[in-house]
Asker: 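Please read through the structure below; I'll follow up with questions.
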Amino acid sequence: MLDKTYQPAAVEGRRYAVWERSGGFAAEPNSERRPYTIMMPPPNVTGSLHIGHALNFTLQDVLVRYQRMRGRDVLWQPGSDHAGIATEIVVGNQLTAEGTTKRALGRDGFVARVWKWKEESGGAIAHQLRRLGASPDWSRERFTMDPGLASAVRRIFVQLYREGLIYRDKRLVNWDPAMHTVISDLEVQSRETKGSLWHIRYPVAELPGRFVTVATTRPETMLGDTGVAVHPNDPRFADLVGKSVRLPLADRLIPIIADAHADPETGSGAVKITPAHDFADFEIGRRHGLALLNIFDQDARLNDAAPAPYRGLDRFAAREKVVADLSAAGLLDKVEDHTLMIPHHDRSGEVIEPWLTDQWYCDARVLAGPALAAVEDGRIRFVPSQWENTFFDWMRKIQPWCISRQLWWGHRIPAWYGPDGTLFVAETVEEAQREASAKYGDAVSLRRDEDVLDTWFSSALWPFSTLGWPEETPELSRYYPTDVLVTSFDIIFFWVARMMMMGLHFMGEVPFRTVYIHALVRDERGQKMSKSRGNTIDPLGLIERYGCDALRFTLAALAAPGRDVKLAESRVEGYRNFATKLWNAARYAEMNVCALVADFTPAQCRLTVNRWIATAASDCGAAVTAALDAYRFDEAASLLYQFVWGTFCDWYVEFTKPILQGDDSARAETRAMTAWILGRIVHLLHPIMPFITEEIWQNLAREDEGLLLTAPWPEFSPEAHDLAASAEMEWVVQAISAIRALRAEMNIPPAARVPLLIKDVEPAVAERIERHREHFMRLARVDRFEPVVTVPAGGIQAVVGGTVLILSVGDVVDLAREKARLGKEIERLDSELRKIAAKLNNPNFLAKAKPEIVEEQRDREADVSRDRDRLKVAYARLMAI
RNA sequence: GGGCGCGUAGCUCAGCGGGAGAGCACUACGUUGACAUCGUAGGGGUCACUGGUUCAAUCCCAGUCGCGCCCACCA
């Protein structure tokens with residue numbers, strides 16, 4: 001017997017354990033069934049489940065459960081990512097709290113510490129995924145630093161190196177002076193900041209008394225200037241090109257060059273060039289052969305290349321001193337307020353310093369070609385498709401990918417240096433040693449590269465490294481390429497594009513056929529959630545308060561394509577109510593002895609109401625199937641909501657209550673049908689609301705029917721379709737709704753019974769009304785039916801499918817109110833009629849509109865005009881009272 | 001500066017060339033044997049603005065205004 005109310009907390013843990021034990025989550029590489037694969041984007045080991053994860057994993061789980069029910073051999077590959085920088089920040093903070101530092105522990109000590117921490121808390125996210133009801137194949141859980149994945153990383157690195165697609169280069173990089181590591185362009189976040197524009201006068205060396213004024217937002221970098229650029233066509237500076245300025249404070253001579261980059265309209269028209277500390281200047285310097293003068297150390301403090309007074313100052317202190325000194329020297333022309341974009345490290349928040357270093361690079365341009373082609377020719381499809389443009393834009397101007405990081409936690413780069421600096425790239429130290437011995441003729445001691453790889457390097461291999469690559473495992477050939485990748489747009493470049501590049505290069509095939517991009521979750525006011533704003537929503541809290549199914553349903557219902565998800569808690573509450581409604585419907589069925597009947601099919605039903613609900617359920621199921629196939633989770637959710645609440649509970653259950661009180665074959669049929677419909681409902685709802693549906697199913701189904709988790713998705717057979725029954729019941733629903741509206745309009749007390757007068761009724765309709773007389777009596781509280789020719793005084797009418805229903809209650813009518821309503825209604829119909837008439841009198845319309853449209857408009861004109869005339873009659877009679 | 005998206009009921013959003021929709025919120029009434037986490041009904045919108053295309057525009061096109069996001073070396 002089902003409990004009085006649904007208790008999610010009591011059900012969820014128990015149900016999940018049963019599913020997991022059943023083996024229903026596991027992929028079956030040996031099965032005959034067609035595979036369906038989703039690679040779970042591996043969450044960071046540092047992570048705890050936030051609402052964005054909840055959306056992402058819910059959508060994947062909906063797909064996975066749906067496809068499992070459709071008979072596919074599903075592999076949903078779970079795992080987690082070592083997340084180099086994020087993890088170092090988390091563990092670094094712990095060390096700070098303990099009064100120690102990463103460097104104090106040393107490399108081995110620190111890495112051991114991170115592993116220990118990973119073992120202790122890395123499972124949190126997996127636990128939280130279970131709370132969400134996610135059904136991946138846990139037996140295949142992977143970590144991006146597992147031995148197998150690590151060897152795949154080394155294999156790939158070595159191969160790309162040998163192909164010339166990985167190389168070392170000295171370039172200007174984005175340097176985090178606090179963490180002492182390079183980061184990629186993608187990890188840089190520009191933040192709008194209020195700053196100043198300093199105009200500094202540089203004396204021209206050859207022309208005493210002449211100055212060139214340059215404008216800069218970063219005066220401290222002037223100490224690293226190696227040139228001043230002006231526009232070639234700028235008359236103000238024409239005579240200065242080729243001369244030089246004496247750089248103040250540093251007392252160096254630097255050339256004045258002509259370069260189109262200098263915009264005469266901007267600043268002072270002349271721009272200082274600091275090739276070692278600015279990306280644009282780096283390019284200009286390269287064009288003109290300017291010297292690179294690095295004035296910062298790894299902490300972004302001024303080094304020995306700077307004049308003595310500034311050495312050791314950090315960049316912000318140096319700025320103050322430079323400005324003060326320039327001002328004292330009378331060389332500061334003016335200072336303007338200026339808003340600019342300052343690059344920050346998106347993880348640490350530190351202001352990025354462009355810095356010149358040697359790093360490892362991957363030739364992304366070469367790898368991007370096949371990835372671009374795969375999207376262009378449709379082998380990979382983005383859903384929604386507008387993301388393809390974003391993808392194309394980035395891929396077509398892709399820059400070399402800096403893959404080295406000066407961190408300790410991660411895949412250490414498999415490269416060794418000989419005593420003379422010769423590089424040996426190999427998968428193992430032994431191999432490197434062999435190569436070294438071959439070169440040097442005897443054993444030498446090698447020094448391993450200190451750097452680790454960008455975390456995204458190993459993530460890029462995820463779709464095949466988790467399946468055993470480079471071994472030719474059965475899994476690899478069966479589950480690659482995967483079917484769909486579900487992710488949000490913010491990692492299209494970080495991850496999606498790189499998986500394509502690596503997958504195409506090493507597997508020769510796309511890693512996935514579809515990329516479903518879902519939106520970001522925002523708070524109810526549309527703001528991005530962040531800890532600093534304090535507007536984060538904890539999905540686990542919502543699960544505790546409303547149940548997992550309610551949260552999942554909410555997320556699915558909000559996941560419309562191309563739109564951000566604004567999550568209001570009231571929404572979750574509403575869907576919790578929906579779960580309760582479903583639960584009570586199941587209880588109702590149980591109390592009325594509605595049990596599944598073996599061999600029952602809806603086609604056997606004789607009762608119109610049962611034939612109707614079978615048709616409606618079939619339509620709903622077909623629509624839900626289509627919606628899920630199209631990744632329209634919102635549509636699937638809304639269809640189910642409407643069917644369960646609006647159709648099944650509000651109408652079918654109410655219609656059949658009297659039948660279930662009876663005692664004949666109609667009751668048996670209706671019991672069977674009620675149970676059958678409920679079974680259909682829990683099947684269709686299971687992907688979105690797995691827990692409550694399984695709980696209901698276990699109560700409804702026979703023991704041998706097994707878990708809903710692995711039950712077959714309902715097939716919708718056309719023989720269950722009965723359009724006539726459908727139309728008839730829809731008419732009854734409309735008629736009863738109309739009568740209810742009339743009652744309210746006339747202020748008839750709910751308990752009062754009223755006569756229903758029927759005008760202009762055809763025999764078939766009269767029969768129909770007679771067939772459903774009990775429904776009218778019960779649900780509309782009508783006590784008798786009378787055919788009439790004219791609308792009586794005090795009568796009020798509604799038109800349903802061409803039949804006029806009139807409620808007549810004499811003096812109960814609130815006359816004034818009714819007159820006003822009728823007047824308004826007539827006015828509305830009149831204006832509508834004018835619109836249609838204008839259309840129908842328009843020769844162009846008659847000539848150019850499709851015939852069926854014209855026909856439709858004619859019918860409509862007839863309908864509306866008939867309605868209007870009837871209302872007018874009623875109005876006139878009302879006025880006469 | 002470039003690109004993408006969005007402005008539809010108080011809120012969150014569907015719809016999209018020929019009749020303005022849902023849920024929530026609001027109002028009124030209701031303890032009918034599944035359900036008050038409920039039921040029945042109701043009010044509420046020149047579909048941002050302006051032009052254009054069309055027989056017909058909330059829907060297509062262009063522009064304007066407002067909002068959001070992404071990318072970018074403008075000192």
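The structure displayed is predicted, hence computed values, not measured ones. All chains are named by letter (A, B, ...) in the order of the sequence lines, taking the proteins before the strands, and each is independently numbered beginning at 1.
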Asker: Going by an N to O cut-off under 4.0 Å, is there a salt bridge joining A:E861 and A:K835?
Answerer: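 Salt bridge between A:E861 and A:K835, a charged N being under 4.0 Å from a carboxylate O: no.
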Asker: Pick the nucleotide of RNA chain B nearest each of A:K397 and A:W583; which residue has the one closer to the 5' end?
Answerer: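 Its nearest nucleotide being more 5', the pick is A:W583.
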Asker: Hey, does A:G195 reach any base, or is it just sugar-phosphate, or nothing, if we go heavy atoms under 4.0 Å?
Answerer: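 Contact class for A:G195: none.
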Asker: With a 4.0 Å limit, can you tell me whether A:N577 has a side-chain N or O closer than that to the phosphate oxygens OP1/OP2 of B:C38?
Answerer: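 True: A:N577 side-chain N/O within range (under 4.0 Å) of B:C38 OP1/OP2.
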Asker: Considering only atom P, compute the distance from B:C61 to B:A25 and round it to an integer number of Å.
Answerer: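 Looking at atom P only, B:C61 and B:A25 are 37 Å apart.
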Asker: So, is A:K4 near the phosphate of B:C35, with a side-chain N or O under 4.0 Å from OP1 or OP2?
Answerer: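 Checking A:K4 against B:C35: at least one side-chain N or O falls below 4.0 Å of OP1 or OP2.
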Asker: Of all the nucleotides listed (B:C55, B:C35, B:U37), which has the minimum atom distance to the side chain of A:F845?
Answerer: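 Looking only at heavy atoms from C-beta outward on A:F845, the closest nucleotide is B:C55.
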Asker: What does B:G17 pair with, Watson-Crick or G-U, if both distances are under 3.5 Å?
Answerer: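 No nucleotide pairs with B:G17.
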Asker: Should B:A48 form a Watson-Crick or G-U wobble pair with both distances under 3.5 Å, which nucleotide is its partner?
Answerer: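 Here B:A48 is engaged in a pair, and the nucleotide opposite it is B:U64.
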Asker: With heavy atoms under 4.0 Å as the rule, sort A:Q661 into base, sugar-phosphate or nothing.
Answerer: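 Result for A:Q661 = nothing.
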Asker: Ring centroid separation for A:F391 and A:F382, is it under 6.0 angstrom?
Answerer: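 Yes, ring centres under 6.0 Å apart.
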Asker: For B:A56, does either OP1 or OP2 sit under 4.0 Å from a side-chain N or O belonging to A:K835?
Answerer: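 For B:A56, neither OP1 nor OP2 has a side-chain N or O of A:K835 closer than 4.0 Å.
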Asker: Could you please name the partner base of B:A75, counting Watson-Crick and G-U wobble pairs only when both distances are under 3.5 Å?
Answerer: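 The base-pairing partner of B:A75, which may sit in any strand shown, does not exist here.
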Asker: Rounding to an integer number of Å, can you tell me how far A:I517 CD1 sits from B:C69 P?
Answerer: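 That distance rounds to 19 Å.
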Asker: Mind checking the C1' distance from B:G18 to B:A22? Whole angstroms is fine.
Answerer: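 After rounding to an integer number of Å, I get 23 Å for this pair.
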Asker: Rounding to the closest angstrom, what is the interatomic distance between B:U12 and B:C67 at atom P?
Answerer: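 One P to the other, the span is 16 Å.
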Asker: Counting only side-chain nitrogens and oxygens, does A:H261 get under 4.0 Å of the OP1 or OP2 atom of B:A75?
Answerer: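 Looking at the OP1 and OP2 atoms of B:A75, neither is under 4.0 Å from any side-chain N or O of A:H261.
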Asker: In whole angstrom, what separates A:D263's CG from B:G1's C1'?
Answerer: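 Atom CG in A:D263 sits about 12 Å away from atom C1' in B:G1.
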Asker: Between B:C35, B:A34, B:U40, which one does the side chain of A:R740 approach most closely?
Answerer: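 For A:R740, the side-chain atoms sit closest to B:U40.
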Asker: So, is A:W645 close to the B:G39 phosphate, meaning a side-chain N or O under 4.0 Å from OP1 or OP2?
Answerer: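 Affirmative; the distance criterion is met.
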Asker: Could you check whether A:Y641 gets within reach of a base, just the sugar-phosphate, or nothing at all, counting any heavy atom under 4.0 Å?
Answerer: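 Sugar-phosphate only.
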Asker: Please determine whether a side-chain nitrogen of the Lys or Arg among A:E573 and A:R545 lies less than 4.0 Å from a carboxylate oxygen of the Asp or Glu.
Answerer: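 No, A:E573 and A:R545 are not salt-bridged.
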Asker: Would you classify A:T217 as touching base, sugar-phosphate or nothing, given that sugar-phosphate means primed atoms plus P, OP1 and OP2, and contacts are heavy atoms under 4.0 Å?
Answerer: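 The answer is sugar-phosphate, as A:T217 gets under 4.0 Å only of primed atoms, P, OP1 or OP2.
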Asker: Can you tell me which nucleotide in B:C73, B:A75, B:A41 comes closest to the side chain of A:V271?
Answerer: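 Within the option list, the nearest is B:A75.
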Asker: Against the six-membered ring of A:Y546, is A:R576 placed for a cation-pi contact (under 6.0 Å from the centre, within 45° of the normal)?
Answerer: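 That pair does not qualify as a cation-pi contact.
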Asker: Determine the sole option in A:F633, A:F691, A:F578 for which the ring-ring contact (aromatic ring centres under 6.0 Å, His included) test with A:F553 is passed.
Answerer: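 Of all the options given, the one that passes is A:F578.
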Asker: Taking the P atom of each, how far is B:G51 from B:C70, in whole Å?
Answerer: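 These two P atoms come out 35 Å apart once rounded.
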Asker: Among B:G5, B:C35, B:G3, find the nucleotide with the atom closest to the side chain of A:D393.
Answerer: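 The answer is B:G3.
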Asker: Within this structure, what is the CD1-to-C1' distance between A:I492 and B:C69, rounded to whole angstrom?
Answerer: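 Going from A:I492 (CD1) to B:C69 (C1'), I get 12 Å.
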Asker: Using atom CZ of A:R587 as one end and atom P of B:G33 as the other, report the distance to the nearest whole Å.
Answerer: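 To the nearest whole Å, that distance equals 13 Å.
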Asker: Determine, for A:R287 against A:D259, whether the closest basic-nitrogen to carboxylate-oxygen distance falls under 4.0 angstrom.
Answerer: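 Between A:D259 and A:R287 there is a salt bridge, with a charged N closer than 4.0 Å to a carboxylate O.
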Asker: B:C55, B:A34, B:C69: which one has an atom nearest the side-chain heavy atoms of A:F489?
Answerer: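 Nearest to the side-chain atoms of A:F489, counting from C-beta on, is B:C69.
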Asker: Tell me the partner of B:C69, counting only Watson-Crick (N1-N3 plus N6-O4 or O6-N4) or G-U wobble (N1-O2 and O6-N3) with both under 3.5 Å; none if nothing fits.
Answerer: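 Base-paired to B:G3.
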Asker: B:C35, B:C24, B:A22: which one has an atom nearest the side-chain heavy atoms of A:S570?
Answerer: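 Nearest nucleotide to the side chain: B:C24.
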Asker: Establish whether the base of B:C55 is bridged to the side chain of A:K839 by a donor-acceptor pair shorter than 3.5 Å.
Answerer: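 Under the 3.5 Å cut-off, the side chain and the base do not form any donor-acceptor pair.
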Asker: Strictly by Watson-Crick or wobble contacts shorter than 3.5 Å, is anything paired with B:G33, and which nucleotide is it?
Answerer: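 Base partner found: none.
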Asker: To the nearest Å, how far apart are A:Q857 CD and B:G18 P?
Answerer: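 Rounded to the whole Å, the gap is 10 Å.
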Asker: Taking B:A72 as the reference, what is the distance to B:A57 when you measure between their C1' atoms (whole Å, please)?
Answerer: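 Their C1' atoms lie roughly 38 Å apart.
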Asker: Compute whether any side-chain donor of one residue and acceptor of the other, for A:D225 and A:Y202, lie under 3.5 angstrom apart.
Answerer: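 Distance-only check passes for A:D225 and A:Y202.
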Asker: Between A:R632 and B:G15, is there a side-chain N or O to OP1/OP2 distance below 4.0 Å?
Answerer: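 For A:R632, the contact criterion (side-chain N or O under 4.0 Å from OP1 or OP2 of B:G15) is met.
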Asker: Counting only Watson-Crick pairs (N1-N3 plus N6-O4 or O6-N4) and G-U wobbles (N1-O2, O6-N3), all under 3.5 Å, who is the partner of B:A28?
Answerer: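 For B:A28, the partner nucleotide comes out as B:U40, under the 3.5 Å rule.
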Asker: Does the plane of the ring in A:W355 sit parallel, tilted or perpendicular to the ring in A:W175? Use 30° and 60° as the thresholds.
Answerer: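 Judged by the thresholds at 30° and 60°, the geometry between A:W355 and A:W175 is tilted.
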Asker: Quickly work out the A:W651 CH2 to B:A34 P distance and round it to whole Å.
Answerer: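 Going from A:W651 (CH2) to B:A34 (P), I get 17 Å.
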Asker: Under 4.0 angstrom, heavy atoms only, what part of the nucleic acid is A:R576 near: base, sugar-phosphate, or nothing?
Answerer: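 Answer is base: heavy atoms of A:R576 come under 4.0 Å of a base.
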Asker: Mind checking the C1' distance from B:G7 to B:A75? Whole angstroms is fine.
Answerer: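 The answer is 37 Å between these two C1' atoms.
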Asker: For A:N592 and A:D650, find the nucleotide of RNA chain B closest to each by heavy atoms; which residue's nucleotide sits nearer the 5' end?
Answerer: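 With A:N592 and A:D650 compared, the 5'-side residue is A:N592.
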Asker: Using whole Å, what does the distance between atom C1' of nucleotide B:A75 and atom CG of A:D259 come to?
Answerer: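 Between C1' of B:A75 and CG of A:D259: 13 Å.
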Asker: Need one value for A:A579: base, sugar-phosphate or nothing, where a base atom within 4.0 Å counts as base even if backbone is also close, heavy atoms only.
Answerer: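 Nothing: the residue A:A579, judged by heavy atoms under 4.0 Å, touches no strand.
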Asker: For B:G23, give its Watson-Crick or G-U wobble partner with both distances under 3.5 Å, or none.
Answerer: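 By the stated definition (distances under 3.5 Å), B:C11 pairs with B:G23.
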Asker: Return the value, rounded to whole Å, for the distance between atom CG of A:D281 and atom P of B:C74.
Answerer: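 Value for this atom pair: 12 Å.
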Asker: If we take the C1' atom in both B:G17 and B:C26, what is their distance in whole Å?
Answerer: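 Each nucleotide's C1' atom is 34 Å from the other's.
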Asker: Are A:K850 and B:C55 close enough that a side-chain N or O sits under 4.0 Å from OP1 or OP2?
Answerer: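 Negative; the distance criterion is not met.
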Asker: Sticking with atom C1', work out how far B:A28 lies from B:G33, rounded to a whole angstrom.
Answerer: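 That atom pair is separated by 26 Å.
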Asker: Go through it in stages, so that I can follow the logic: the residues are A:K334 and A:T213, the test is side-chain hydrogen bond (donor to acceptor under 3.5 Å, both in side chains), and I'd like the CA-CA distance, side-chain angles, deciding distance and then a yes or no.
Answerer: CA-CA 10 Å; A:K334 59 176 170 175; A:T213 301; over 6 Å; no
Asker: Which listed nucleotide (B:A75, B:G3, B:A34) is nearest to the side chain of A:K657?
Answerer: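 The answer is B:A34.
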